[in-house]
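This is a predicted model, so every value here is computed, not measured. Just so you know, residue 1 is the first one in the sequence shown, and it goes up from there.
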Amino acid sequence: LKELTQAIAHEQFEVYYQPKACAQSHELVGLEALVRWNHPNHGLIEPAEFIPFAEDNGMVSAIDEWVMQRVMSDLSTWQQDCLDVVPVAINVSASHILRPDILTCVQHLIEDSDVDPRLIQFDLTESVLRAEYSETRDALQELQEMGISIWLNDFGTGYSAMSYLNDFPLDGI
């Protein structure tokens, strides 16, 4: 717990970008932001080793927010450097989506970075759909209205039925 708290305070995380390509044309169509913990003694630690612990201890929102800030800062830099930019997918936890300040936080990050929100994609797991139904649906709708696309990641690994998906504003699975 202490080490993860220090990692958050000292920003010991890194974002790696995994390309997403069209299967037919092999054209780059997007990126996925993948967080790694650059532990001072143990090197790079995969998210599977620390995200569940962060979720259980209420720290995952701080990590999510750091990743969002890093991605938007990188997008802003790429735009300023006149590079072709593509949408970037960010994995966002259920607890972060349900934070009362999620919309304000995301809006400030967008404004501070001056990034087109259409370049941001939030990837969510099925657990988001099972949590606080109306609050989740409303938050996702408002994020979409900002221009952020909402995708469901790893569908079929949980307990959601296809019919359940119709109740949520999703751009894709």
Between Leu4 and Asn57, does the side chain to side chain contact (heavy atoms under 4.5 Å, CB included) criterion hold? Intermediate values first, please. CA-CA 10 Å; Leu4 189 55; Asn57 290 282; over 6 Å; no
Would you say the side-chain atoms of [X] and [Y] include a donor-acceptor pair closer than 3.5 Å?
| X | Y | result |
| --- | --- | --- |
| Asp81 | Gln79 | no |
| His39 | Glu3 | yes |
| Ser93 | Asp64 | yes |
| Gln69 | Glu65 | no |
| Asn91 | Glu32 | yes |
| Asn38 | Glu14 | yes |

Please answer: with hydrophobic residues joined when any side-chain heavy atoms are less than 4.5 Å apart, are [X] and [Y] in the same cluster?
| X | Y | result |
| --- | --- | --- |
| Leu83 | Val71 | yes |
| Tyr16 | Met72 | no |
| Val29 | Val85 | no |
| Leu109 | Met146 | yes |
| Val92 | Trp151 | no |

Looking only at non-hydrogen atoms, find the nearest pair between [X] and [Y] and report the distance.
| X | Y | answer |
| --- | --- | --- |
| Leu31 | Pro19 | CD2-CA, 3.8 Å |
| Ala89 | Lys20 | CB-NZ, 3.9 Å |
| Val106 | Phe122 | CG2-CZ, 4.0 Å |
| Ala139 | Leu103 | O-CD2, 3.9 Å |
| Leu28 | Val86 | O-CG1, 4.0 Å |
| Val67 | Ala33 | CG1-CB, 4.4 Å |

With side chains defined as the heavy atoms from C-beta onward, is the minimum distance between [X] and [Y] less than 4.5 Å?
| X | Y | result |
| --- | --- | --- |
| Leu124 | Leu140 | yes |
| Gln121 | Ile148 | no |
| Val88 | Leu119 | no |
| His96 | Ile102 | yes |

Got a sec: does the CG of Asp101 have more than 12 other heavy atoms crowding it under 6.0 Å? yes
Check this for me: Asp84, atom CG, are more than 12 non-hydrogen atoms of other residues, nucleotides or ligands nearer than 6.0 Å? no
Between Val15 and Leu34, is the side chain to side chain contact (heavy atoms under 4.5 Å, CB included) condition met? List the steps. CA-CA 5 Å; Val15 173; Leu34 304 170; over 6 Å; no
To the nearest 0.5 Å, what is the distance between [atom1] on [X] and [atom2] on [Y]?
| X | Y | atom1 | atom2 | result |
| --- | --- | --- | --- | --- |
| His108 | Met68 | NE2 | CE | 14.0 Å |
| Ser61 | Arg99 | OG | CZ | 4.5 Å |
| Ile51 | Asp56 | CD1 | CG | 11.0 Å |
| Ile8 | Met59 | CD1 | CE | 5.5 Å |

Please work out which of the three classes, parallel, tilted or perpendicular, describes the rings of Trp78 and Tyr17, given edges at 30° and 60°. perpendicular
Do the ring planes of Trp37 and Phe50 sit parallel (below 30°), tilted (30 to 60°) or perpendicular (above 60°)?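 Perpendicular, since the angle between the ring planes exceeds 60°.
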Test side chain to side chain contact (heavy atoms under 4.5 Å, CB included) on Arg36 and Phe13 and set out the steps. CA-CA 6 Å; Arg36 301 291 184 264; Phe13 299 100; over 6 Å; no
Tell me, with the steps shown, if Ser73 and Ser113 meet side chain to side chain contact (heavy atoms under 4.5 Å, CB included). CA-CA 6 Å; Ser73 175; Ser113 63; 5.8 Å; no
Donor-acceptor pair, side chain of Asp116 and main chain of Arg118, under 3.5 angstrom: yes
